[in-house]
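Computation of the quantities below employed the complete heavy-atom set of this structure, encompassing side-chain atoms and omitting hydrogens, waters and symmetry-equivalent molecules.
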Amino acid sequence: MPFQARSVILQEIGTELQAGVLAYVTGDRENLETEVGADVLRRVPRHLEAIGKQDRLALVLYTLGGDTNTPWPFVNFLRGYCDELFVLVPFWAHSAGTLIALGADKIYMTRFGTLSPIDPSVTNEFNPSDAASPGDRIPIAVEDVLAFFQLASERGGDNADLAGDAFRRLAESVHPLALGNVKRNIEQIWQLAKKLIRLHAPDIDDAELTDLVMRLTTELYSHSHLINRAEATALGLPVEQPSEELEDRLLAYYGRLKADLELLEKFDPGGMHQAQPVVLERAYVETPTTCDTFVTRGVISQQTPATLEVTSERWETIA
């Protein structure tokens, strides 16, 4: 059984670190992507209760990101069960995953592990419509808006009229309430990152903290930039290089994820038998003894092209 194999690896990781172990995995299989979300908060308590209060708690984290409101309560749940929190990154922990990592005393990254900038993209009903998909809205990258005003300022120098004209032109293209949402998200991310870091570094100098958050937002320029272990260390994050044994176990766990979630295989209903029940595991919250998985169940339609007709989509308890 897939969970039993992952369970053994998690147990070995805990033994290596002398810590309780929890894993949070949001799968990124093409056409079946999942992300960090508030729904996980209801699943976490029973796993933490199974682990019990520990001196050390290690979170094995695999995600491309998601809801930026989730990391704060999620990290606080975990820190309520330990004196020292580790985040372990086998492959990637991006965006909201990087925010979670900021709340850890130590971040263990394998040689393939990456973090990312934490500048968010925001989408609400006031965002511009996507011409290619009329029912969808175009996300607005927070740092793109800041860069626009920076460019206008650099070109205009001290010309206040030019800066005002730049804002008016932007407001003509983007709803003012969407721009207001961008402003709130800028402030939220800065405040959130600082609060998460202060959970384990309460005495950090304000200027040092501001510089660190700026490096993780404005100064990296692209949200797609991948921050490897060496760069994360240079940025000032509390990165640890895992022992050879620990790194091997983390990569073995990632190997199991690739197999169990079929991460490298694009989900294509057309390549499956029609009218056959389909059960798709897409995300995990698990410890060595407990497991919840986010499961999509359905059948493949008989129309052309074939599609997945979903009958249920929810978290299910496996162990």
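Between the CG atom of L209 and the CG atom of D205 there is a distance of 8.5 Å, given to the nearest 0.5 Å. To the nearest 0.5 angstrom, L48 atom CG is 5.5 Å from Y81 atom OH. Separation of atoms CG (L212) and CD1 (I197) is listed at 4.5 Å; rounding is to 0.5 Å. Rounding to the nearest 0.5 Å gives a distance of 14.0 Å between CG of L237 and CZ of R229. R43 contributes atom CZ, which lies 4.0 Å from atom CG of D292 (distance to the nearest 0.5 angstrom). Put simply, CG on D83 and CG on L57 are 10.5 Å apart, with the number rounded to the nearest 0.5 Å.
In terms of heavy atoms, K194 sits closest to T210 at NZ-OG1, 3.3 Å. Considering every non-hydrogen atom in both L59 and F74, the closest pair reads CD2-CE2, 3.7 Å. Heavy-atom minimum distance, I100 versus P71: CG1-CB, 3.7 Å. In terms of heavy atoms, E281 sits closest to V295 at CG-CG2, 4.5 Å. Of all heavy-atom pairs between G37 and D67, the closest is CA-CB, 4.2 Å. Nearest heavy atoms, P269 versus I300: O-CG2, 3.7 Å.
With 3.5 Å as the limit, one finds no donor-acceptor pair spanning the side chains of T114 and N228. H47 and T287 form no side-chain donor-acceptor contact under 3.5 Å, judged by distance and modelled atom types alone. Side-chain contact, T307 with S301: a donor N or O sits under 3.5 Å from an acceptor N or O. Looking only at atom types and distance, the side chain of Q188 has a donor-acceptor partner in the side chain of N69 under 3.5 Å away.
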Test log, rule side-chain contact (heavy atoms from CB on, under 4.5 Å), inputs T68 and I118: CA-CA 9 Å; T68 56; I118 57 173; over 6 Å; no
Check the pair T290 / R46 against side-chain contact (heavy atoms from CB on, under 4.5 Å), numbers first and verdict last. CA-CA 9 Å; T290 59; R46 83 173 187 97; 3.9 Å; yes
Given the rule in the side-chain contact (heavy atoms from CB on, under 4.5 Å) test, do V278 and V299 qualify, once you have shown the distances and angles that lead to the verdict? CA-CA 6 Å; V278 176; V299 294; 6.0 Å; no
Worked check of salt bridge (Lys or Arg N to Asp or Glu O under 4.0 Å) between D105 and R79: CA-CA 10 Å; D105 297 272; R79 296 197 70 93; 3.0 Å; yes
Dump the intermediate steps for side-chain contact (heavy atoms from CB on, under 4.5 Å) on F267 and E262, then the final yes or no. CA-CA 9 Å; F267 175 67; E262 300 181 76; over 6 Å; no
Evaluate salt bridge (Lys or Arg N to Asp or Glu O under 4.0 Å) for D39 paired with R314, printing each intermediate quantity in order. CA-CA 10 Å; D39 57 333; R314 61 188 179 89; over 6 Å; no
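Residue pairs meeting the salt bridge (charged side-chain N to carboxylate O under 4.0 Å, His left out) criterion with at least one partner in residues 8-24, sequence neighbours excluded, are E12-R249, E16-R249.
Side-chain atoms of Y108 and V89, non-hydrogen and from C-beta on, never get closer than 4.5 Å to each other. Side-chain contact check for L102 versus L192: every heavy-atom pair is 4.5 Å or farther apart. The side-chain heavy atoms of E286 and F3, taken from C-beta on, include a pair separated by under 4.5 Å. Between T26 and Y62, the closest side-chain pair of non-hydrogen atoms is not below 4.5 Å. Between D28 and W92, the closest side-chain pair of non-hydrogen atoms falls below 4.5 Å. Within the 4.5 Å cutoff, the side chain of E240 has no heavy atoms near those of the F86 side chain. L88 is not listed as a side-chain neighbour of L61, based on a closest heavy-atom distance of 4.5 Å or more. A heavy-atom distance below 4.5 Å is found between the side chains of K106 and E84.
Put simply, L115 and W72 are part of the same group of oily side chains (I, L, V, M, F, W, Y) that touch within less than 4.5 Å, one to the next. Both I204 and L235 sit in one connected hydrophobic cluster of ILVMFWY residues. Membership requires side-chain heavy atoms under 4.5 Å apart, directly or through other members. Under a hydrophobic clustering in which Ile, Leu, Val, Met, Phe, Trp and Tyr are joined whenever their side-chain heavy atoms come within less than 4.5 Å, directly or via other members, V8 and V60 fall into different clusters. Hydrophobic clustering, with ILVMFWY side chains joined whenever heavy atoms are under 4.5 angstrom apart, groups I51 together with V44.
Looking at R29, its side chain does come within 3.5 Å of a backbone N or O of E265 through a donor-acceptor pair. Between the T70 side chain and the A38 main chain, a donor and an acceptor come within less than 3.5 Å of each other. Here the side chain of S95 pairs no donor or acceptor atom with the backbone of G65 at under 3.5 angstrom. The closest donor-acceptor contact from the side chain of Q241 to the backbone of M109 lies at 3.5 Å or more, if one exists at all. E313 places no side-chain N or O within 3.5 Å of a backbone atom of V310 that could act as its donor or acceptor partner. A donor-acceptor contact shorter than 3.5 Å is absent between the side chain of Q4 and the backbone of P2. Remark: side-chain polar atoms of T98 are paired, donor with acceptor, to backbone N or O of S116 under 3.5 angstrom. Side-chain N or O atoms of T296 include none that pairs as donor or acceptor with a backbone N or O of L280 at under 3.5 Å. In this structure, the side chain of T34 engages the main chain of G27 through a donor-acceptor pair within 3.5 Å. The backbone N or O of L32 sits less than 3.5 Å from a side-chain atom of R282, completing a donor-acceptor pair.
For R6 and Y284, the positive end sits near the middle of the six-membered ring, less than 6.0 Å away and at most 45° from its axis.
Using cut-offs of 30° and 60° on the angle between ring planes, the pair F91 and Y254 is parallel.
Every residue two or more places apart in sequence or in another chain was checked for a salt bridge (Lys or Arg N to Asp or Glu O under 4.0 Å) with E208, and none qualifies.
Under the 4.0 Å criterion applied to side-chain N and carboxylate O atoms, E316 and R297 are assigned as salt-bridge partners.
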